[in-house]
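Here is how names work: the chains are called A, B, and so on, in the same order as the sequence lines, proteins then strands, and each is numbered from 1.
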Amino acid sequence: MLDAKLVRAEPDLVASKLEKKRFKLDVERLNQLESRRKEIQVRTEDLQKERNVRSRAFGEAKKAGQDVSALQEAMSALKSDLENAEVELKAIQEELQSILSLVPNIPDDDVPEGKDENDNVEVRKWGVPESFTFEPKDHVALGEMHGLLDFETASTISGARFAVMRGALARLHRALAQFMLDTHTTNHGYEETYVPYLVNANALFGTGQLPKFEEDLFKVPGERDYYLIPTAEVPVTNLVSDKIVDAKNLPLRFVAHTPCFRSEAGSYGRDVRGMIRQHQFDKVELVQVVAPEQSSAALEELTGHAERILQLLQLPYRVVALCGGDMGFSAAKTYDIEVWLPGQQTYREISSCSNTRDFQARRMQARYRDPATGKPALVHTLNGSGLAVGRTMIAVLENYQNEDGSIRVPEVLKPYMGGVDVIGG
RNA sequence: GGUGAGGUGUCCGAGCGGUUGAAGGAGCACGCCUGGAAAGCGUGUAUACGGCAACGUAUCGAGGGUUCGAAUCCCUCCCUCACCGCCA
């Protein structure tokens, strides 16, 4: 959520910055509501003051043994005026709140202009795609060839966009997650966390998935509704919601390996083949909670941590800075990391790293005590995949394939594979 | 699932119908003291909104109600803790 004060004071500035995100802020409507709010709030507070003054007088009169019936009568007229004012004020505040909760974060000044992924800007490239002496297969062909990847069975159990993995492939998938978790905890200073996979609406509001993106989520109805997490970003970032963390403890770095569930509404026909786009996938997520002045540097650092996984796996990738139109709701700046997939002869997203600045922190009231002022101030939060496990596995399959369809196990994964160094050999 | 006890400021904890934004303590900040530190002493220490300011208003888990007046009484819900039952 944006700072209501900023929106109020500089609506035109905010609106112009939001244009980069292709968001139209209704300044006129906002101004109109705002001036009404002000008027009614003043009236309400005047009436409240009157009530407080009179009831104090009432108490004193009664104590002094005076007749209070006149006072009592005068109060009843005041009361209904006050009640009306309070109801109206509440309605306006709720409307303002609901408008504000649908406004996306302001992009940083250095975010590129543009409307979709074609306008993203490549920042750097790492590694060189291998030139195969044969026609490389895609992961679907490779997986099915060995009977280790089975979409058909998954569809009878669940439906489209699910997969069953078996044997060495299932183990490779687990190995990747373990390897990522170990690297981030041991080398990058993250604290391992285990978090709920079902969360409430409030947590999703905090990170910005609600109220705007409910259709992307799986809802679990019940006496109390739950939602399956679309990313560990939701439960992990909410670790600091409603807290005032000690400045000494910043930055906080958390890592979690969780399944993620996405309805993929509106992506019919996209990536229908293979494991690229699933309703359920595993991800190792990095979250940082930092002091405001640190967040720009922290985004570079966090992105580097995600890149490190690909470097250790010797997988070629590139990093792109997302343009305003391609960025998510909560992000002020985002880098996507795209891994080379020989089967598609293209780079595909494998990680998305974002600085949300104080946008999520404000929604979830996550604060720290600013040593300079001694006052609570909003923290900045960042998140990034480090990495999407399924897509990383796809990249390993396709980049490490041999002509006969067997797959070499990357050096760094060997300790996790229980002696297997070739899959489907 | 049953029974009982609770949810108050950064934290702990008092208050149980009026002047309590809230005693006391801890923590933190500043000052004194010290060669330096600890201890000691003093002062300060919530947030939001409106206002240039003085100040005003709201907030004691959430929402409703009673009352001239609610942190305090009543109702509903949420959460936490304890014991019993059941269970991976």
Side-chain angles (χ1 to χ4, degrees), chain A residues 1-11 30-31 33-101 194-206 220-227 235 238-250 252 289 291 358 361-379:
Chain A
M1 196 134 67
L2 297 180
D3 183 358
K5 238 184 232 167
L6 176 69
V7 177
R8 212 158 30 228
E10 311 252 27
L30 227 43
N31 285 341
L33 276 169
E34 191 47 45
S35 65
R36 271 188 68 213
R37 195 219 85 214
K38 209 168 210 172
E39 183 192 318
I40 290 159
Q41 183 164 336
V42 169
R43 194 167 86 225
T44 305
E45 291 184 1
D46 284 347
L47 289 166
Q48 284 169 331
K49 180 183 179 183
E50 190 62 26
R51 177 201 59 197
N52 292 345
V53 168
R54 288 198 202 179
S55 58
R56 207 162 298 157
F58 186 101
E60 269 152 32
K62 199 160 189 186
K63 206 182 287 176
Q66 294 164 4
D67 176 40
V68 292
S69 58
L71 286 171
Q72 204 158 348
E73 205 164 306
M75 195 70 129
S76 78
L78 178 80
K79 249 179 109 175
S80 74
D81 284 353
L82 176 57
E83 200 171 312
N84 291 338
E86 281 178 337
V87 167
E88 195 176 348
L89 179 61
K90 194 175 166 193
I92 290 177
Q93 280 173 332
E94 276 169 6
E95 187 169 355
L96 276 166
Q97 182 70 13
S98 79
I99 289 173
L100 211 54
S101 69
Y194 174 86
V195 291
Y197 303 158
L198 288 167
V199 296
N200 60 35
N202 190 48
L204 287 155
F205 178 85
V220 182
E223 204 170 304
R224 288 188 59 217
D225 291 345
Y226 287 114
Y227 296 84
N238 272 284
L239 250 23
V240 292
S241 80
D242 268 317
K243 290 215 160 63
I244 298 180
V245 303
D246 200 322
K248 286 196 283 284
N249 295 331
L250 297 179
L252 295 170
V289 177
D358 62 11
R362 185 173 293 106
R363 291 170 88 94
M364 64 176 95
Q365 284 301 300
R367 298 177 291 173
Y368 77 114
R369 193 168 290 280
D370 183 352
T373 62
K375 302 226 175 267
L378 296 169
V379 294

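- Of the candidates A58(B), U10(B), G18(B), A58(B) carries the atom nearest the R51(A) side chain, counting heavy atoms from C-beta on.
- Environment of CD in E83(A): sparse, with no more than 12 heavy atoms of neighbouring residues, nucleotides or ligands closer than 6.0 Å.
- The phosphate of G50(B) (OP1 or OP2) has a side-chain N or O of R8(A) nearer than 4.0 angstrom.
- Atom name P, nucleotides C73(B) and G2(B): the rounded distance is 25 Å, in whole Å.
- With both ends at atom C1', the span from G25(B) to U34(B) equals 27 Å, rounded to whole Å.
- Of the P atoms belonging to U66(B) and G15(B), the separation is 28 Å, rounded to the nearest Å.
- Taking only side-chain atoms of F58(A), from C-beta outward, the nucleotide of C68(B), U10(B), G50(B) with the closest atom is C68(B).
- Salt bridge present: E88(A) and R43(A) bring a charged side-chain N and a carboxylate O closer than 4.0 Å.
- Between N52(A) and U57(B) there is a side-chain polar atom (N or O) within less than 4.0 angstrom of OP1 or OP2.
- A salt bridge between D3(A) and K5(A) is absent, with no side-chain N of the basic residue lying under 4.0 Å from a carboxylate O of the acidic one.
- For N238(A) (side chain) and A203(A) (main-chain N/O), a donor-acceptor pair under 3.5 Å exists by modelled atom type.
- Rounded to whole Å, the separation between the C1' atoms of C12(B) and A48(B) comes to 25 Å.
- Considering only the side chain of K5(A), C49(B) comes nearest among G18(B), C49(B), U47(B).
- To the nearest whole angstrom, the two C1' atoms, one in G63(B) and one in C52(B), are 38 Å apart.
- Annotation: C77(B) and G85(B) have their P atoms spaced 26 Å apart (nearest Å).
- Distance, N200(A) CG to C77(B) C1': 15 Å, rounded to whole Å.
- Residue-level contact check: P371(A) touches neither bases nor backbone, having no heavy atom under 4.0 Å from any strand.
- Here the separation of G18(B) from U80(B), taken at their P atoms, is 33 Å to the nearest Å.
- Taking atom CG of residue D242(A) and atom C1' of nucleotide G7(B), one finds them 14 Å apart after rounding to whole Å.
- In this entry the distance linking CZ of R37(A) with P of A48(B) reads 14 Å, nearest Å.
- By the 4.0 Å N-to-carboxylate-O rule, E50(A) lies close enough to R54(A) to be salt-bridged with it.
- No donor-acceptor pair under 3.5 Å is formed between the side chain of R37(A) and the backbone N or O of I92(A).
- Listed nucleotides: C49(B), G51(B), C68(B). Nearest to the side chain of K38(A): G51(B).
- Listed candidates were G56(B), G18(B), U47(B). Nearest to the side chain of S55(A) is G18(B).
- Straight-line distance from the CZ atom of R367(A) to the P atom of U10(B): 7 Å, rounded to whole Å.
- Note: CG (N249(A)) to P (C28(B)) measures 14 Å, nearest angstrom.
- Atom-to-atom, CD of Q365(A) to C1' of U47(B) comes out at 9 Å; the value is rounded to the nearest Å.
- Taking only side-chain atoms of K90(A), from C-beta outward, the nucleotide of G64(B), A46(B), C68(B) with the closest atom is G64(B).
- Between A4(A) and E45(A), the residue anchored closer to the 5' end of RNA chain B is A4(A), taking for each the nucleotide with the nearest heavy atom.
- Counting only N and O atoms by type, the side chains of Q93(A) and Q97(A) include no donor and acceptor under 3.5 Å apart.
- Rounded to whole Å, atom C1' of G51(B) lies 17 Å from atom CD of E39(A).
- Projected onto RNA chain B by closest heavy-atom contact, M75(A) and E50(A) fall at different nucleotides, the more 5' of which corresponds to E50(A).
- Between the P atom of G50(B) and the CD1 atom of I92(A) lies a distance of 14 Å, rounded to the nearest Å.
- At U47(B), one or more side-chain N or O atoms of K375(A) fall inside 4.0 Å of OP1 or OP2 (strictly under the cut-off).
- Side chain of K79(A), nearest nucleotide from G18(B), U47(B), G69(B): G69(B).
- Between the C1' atoms of G17(B) and A70(B), the separation comes to 7 Å (whole Å).
- Using a 4.0 Å cut-off between a side-chain N of Lys or Arg and a carboxylate O of Asp or Glu, E39(A) and R36(A) do not qualify as a salt bridge.
- Proximity note for V42(A) (side chain, C-beta onward) versus U47(B), G56(B), G50(B): the nearest is G50(B).
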(message) Reading 5' to 3' and counting Watson-Crick or G-U wobble pairs with both distances under 3.5 Å, write the dot-bracket notation for RNA chain B, | for bases paired outside the strand.
(response) ((((((((.[[[..)..(.....]]](((((.........)))))(((((....))))).[[[[[..)....]]]]])))))))....
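- Checked options I244(A), N249(A), L250(A); the residue passing with D246(A) is N249(A) (criterion: side-chain contact (heavy atoms from CB on, under 4.5 Å)).
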